[in-house]
Protein chains: 2
Amino acid sequence: MYDLFFKCFREKVAISNEEEMQIRHYLMPKKLRKKQYLLQEGDPCKYIAFVEKGLLREYSVDESGNEHIFQFAPEGWTISDLFSFLTGEPATYNIDAIEDCELLLISKSAHEELLLQSPKYETYTRLQLTGAYLAMQKRITAIISLPANERYASLTALYPDLLQRVPQHMIASYMGLKPETLSRVRRKIAGS
Amino acid sequence: MYDLFFKCFREKVAISNEEEMQIRHYLMPKKLRKKQYLLQEGDPCKYIAFVEKGLLREYSVDESGNEHIFQFAPEGWTISDLFSFLTGEPATYNIDAIEDCELLLISKSAHEELLLQSPKYETYTRLQLTGAYLAMQKRITAIISLPANERYASLTALYPDLLQRVPQHMIASYMGLKPETLSRVRRKIAGS
DNA sequence: CAATCCCCTTGACATAAGTCAATGCTTTTT
DNA sequence: AAAAAGCATTGACTTATGTCAAGGGGATTG
């Protein structure tokens, strides 16, 4: 249940077994069934969730009822509404499970205590934040500089397995396209 | 010359005068004339730059020669190609001055020494990174969920002074639009 | 096993954004 | 002061994407 988390952790920062036990103490396992919410817009985001197994999505819903997927989180990823988590403000995103999930939750108080007590945890989260920042930077660059068909190509290159696990209309939403448009883009790509 | 930097610093983390002097020691003042490069694509990014005065832009150029502005940096902002800075890889962005600038540069070695020696600096950069991450998160959300005219409105609300200081075609580039399109969007907005 | 739901595709049409070209206004350069 | 360069606007047209509506296939549920 904790394997993947500490595997990912150790890829960034070396820790002893004692340190691992200390950190493990703060992690709260949780299972989530397909379609269940981890977080709903309007509620404060109380946890950072690490995905041991399964797949989640983070998305907002606009006035017209359209969903806009902001992020996918497969195994090994971390997901939360960071702004809400840090400030206590109501969340502006929903997070729910696309597949049955096994998660490790870190509460706000656990997070704060860990930052104070474990320099390794602090380093780890710093590197994680840096990585997330850089990934998002690349994503913005792709959005502002690539047309729809190339955006799709770059996504498939980056997450080849995601397309097998996620319905196509969610991929479309992630790319900021309508399902019909994505379908047509795919047809063009396939036929060339 | 260092006023704004430490003003911004102190808004996030309290420091003593001794700590300020210690940190100041690592900052390298530099002036940049309008249109001069701070960083060119292909070169490694050697510095994080804090803007004491003036205005810069970070942008990439695609195969068709179109510029895509990724970020503006007015007074009080920090700018660099963070990926290149951290990894030593060649930069994928250009950074140049839109106005005459006064900068404070932090080299890679200075950055690393500061992280080790000054917990306050670590906290400061951590908060800064978090802030930048959240800002980018909002930006992506705006891009994937707002049409062009509302994107423009939200930008003008966020950076009202930027529109006075930056040529319109750069604003267009930042929003992922062509100058002609932005001009038409503006006309519609003005006439309504 | 049938009924339902979800998802993808397709067509016809509407709207938004991009392209190309021309013009006039400023600002900068010489 | 004249020439050049940069910038914003506009028109006519093309291309990309969205909208609405219909239909079919496959999975899920009762």
Side-chain angles (χ1 to χ4, degrees), chain A residues 33-36 55 57 59 61-69 72 94 96-100 142-156 162-192, chain B residues 33-37 54-55 57 59 61-69 72 94 96-100 142-156 162-192:
Chain A
R33 282 269 163 74
K34 191 172 170 172
K35 296 198 179 177
Q36 276 191 303
L55 176 61
R57 70 212 255 249
Y59 62 100
V61 182
D62 67 20
E63 326 79 48
S64 318
N66 294 317
E67 292 178 355
H68 300 281
I69 295 181
F72 292 108
N94 300 279
D96 65 17
I98 297 177
E99 303 172 357
D100 291 352
I143 292 179
I144 65 176
S145 64
L146 297 179
N149 54 352
E150 292 176 36
R151 244 186 277 170
Y152 178 73
S154 78
L155 180 71
T156 57
L162 213 61
L163 303 172
Q164 318 308 321
R165 298 171 68 179
V166 175
Q168 204 168 293
H169 71 272
M170 290 191 187
I171 303 285
S173 167
Y174 179 82
M175 296 198 296
L177 298 174
K178 297 289 158 183
E180 297 95 329
T181 302
L182 179 58
S183 174
R184 290 177 176 121
V185 167
R186 277 164 52 90
R187 182 170 35 150
K188 267 199 181 177
I189 292 176
S192 63
Chain B
R33 282 268 164 73
K34 191 174 171 170
K35 296 200 178 178
Q36 274 191 305
Y37 285 107
L55 176 60
R57 71 211 254 248
Y59 63 99
V61 182
D62 68 19
E63 326 77 47
S64 318
N66 294 319
E67 292 177 357
H68 301 282
I69 295 181
F72 292 107
N94 301 279
D96 65 19
I98 298 178
E99 304 172 356
D100 292 351
I143 292 179
I144 67 176
S145 64
L146 296 180
N149 54 351
E150 292 177 37
R151 243 186 278 169
Y152 178 74
S154 77
L155 179 73
T156 57
L162 213 61
L163 302 172
Q164 318 307 322
R165 297 169 69 177
V166 175
Q168 204 167 295
H169 71 273
M170 290 190 188
I171 304 283
S173 167
Y174 179 82
M175 295 198 296
L177 298 173
K178 297 289 157 182
E180 295 95 329
T181 302
L182 178 57
S183 174
R184 291 180 175 119
V185 167
R186 277 164 54 89
R187 181 171 35 151
K188 267 200 180 175
I189 290 175
S192 67

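Please read these numbers as outputs of a predicted model, since none were measured by experiment. Hydrogens, waters and symmetry mates play no part in the numbers below; they use all other heavy atoms, side chains included. In the text below, chain A, chain B and the rest are named by the order of the sequence lines, each starting its count at 1.
- Taking 4.0 Å as the cut-off between side-chain N and carboxylate O, B:Asp96 and B:Lys35 do not count as a salt-bridged pair.
- The phosphate of C:dT9 (OP1 or OP2) has a side-chain N or O of A:Ser183 nearer than 4.0 angstrom.
- Between B:Asp100 and B:Lys34, the closest heavy-atom pair is OD1-N, 2.7 Å.
- Looking only at side-chain heavy atoms (C-beta outward), B:Asn149 and B:Lys188 stay at 4.5 Å or farther from each other.
- Taking atom CG on B:Asn149 and atom P on C:dA16, their separation rounds to 9 Å, with Å as the unit.
- Dashed line: the shortest gap from a side-chain N or O of A:Arg184 to OP1 or OP2 of C:dT10 is not under 4.0 Å.
- As a whole-Å value, the separation of B:Lys178 NZ from C:dA17 P is 14 Å.
- Counting only distance, with no hydrogens or angles, the side chain of B:His68 and the backbone of A:Ile144 share a donor-acceptor pair below 3.5 Å.
- Along DNA chain C, the nucleotide closest to B:Lys35 and the one closest to B:Gly176 are compared, and the more 5′ of them pairs with B:Gly176.
- Once rounded to the nearest 0.5 Å, the distance linking CE of A:Met175 with OH of A:Tyr152 reads 7.0 Å.
- Rounded to whole angstrom, the span from the OH atom of A:Tyr152 across to the P atom of C:dC8 amounts to 11 Å.
- Within the 4.5 Å cutoff, the side chain of A:Lys178 has heavy atoms near those of the A:Asn66 side chain.
- A 4.5 Å side-chain heavy-atom check between A:Tyr59 and A:Met170 finds every atom pair outside the cut-off.
- Rounding to the nearest 0.5 Å places CG of A:Leu177 at 11.0 Å from CD1 of A:Ile171.
- With rounding to whole Å, A:Lys188 atom NZ is found 15 Å from C:dT10 atom C1'.
- Counting heavy atoms from C-beta outward, A:Gln168 and A:Leu182 have side chains that approach closer than 4.5 Å.
- Atom CG of residue B:Leu55 and atom CD of residue B:Glu99 lie 4.5 Å apart, to the nearest 0.5 angstrom.
- In this structure, A:His169 atom NE2 and C:dC6 atom P are separated by 10 Å, rounded to whole Å.
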Is there a side-chain contact (heavy atoms from CB on, under 4.5 Å) between A:Phe72 and A:Ile98? Walk through the geometry before answering.
CA-CA 9 Å; A:Phe72 292 108; A:Ile98 297 177; 3.9 Å; yes
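- Rounded to 10°, the angle separating the first-five-pair axis and the last-five-pair axis of the helix from C:dC1-D:dG30 to C:dT30-D:dA1 equals 50°.
- Nucleotides of DNA chain D lying under 4.0 Å from heavy atoms of chain B occupy a range whose first and last members, 5' to 3', are D:dC7 to D:dA12.
- Closest approach of B:Ala142 to B:Arg151, counting heavy atoms only: O-CG, 4.2 Å.
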Encode nucleotides 21-27 of chain C as B, S and - characters from 5' to 3', where the letter depends on protein heavy atoms closer than 4.0 Å: B to the base, S only to sugar-phosphate, - to neither.
-------
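- For the pair B:Met175 CE and C:dA16 C1', the computed distance is 14 Å after rounding to whole Å.
- Of the residues near DNA chain D, A:Asn66 and B:Leu182, the one whose nearest nucleotide (by heavy atom distance) lies more toward the 5' end is B:Leu182.
- Of the two residues near DNA chain C, B:Lys34 and B:Leu177, the one whose nearest nucleotide lies more 5' is B:Leu177.
- Rounded to an integer number of Å, the gap from NE2 of B:His68 to C1' of C:dG18 is 13 Å.
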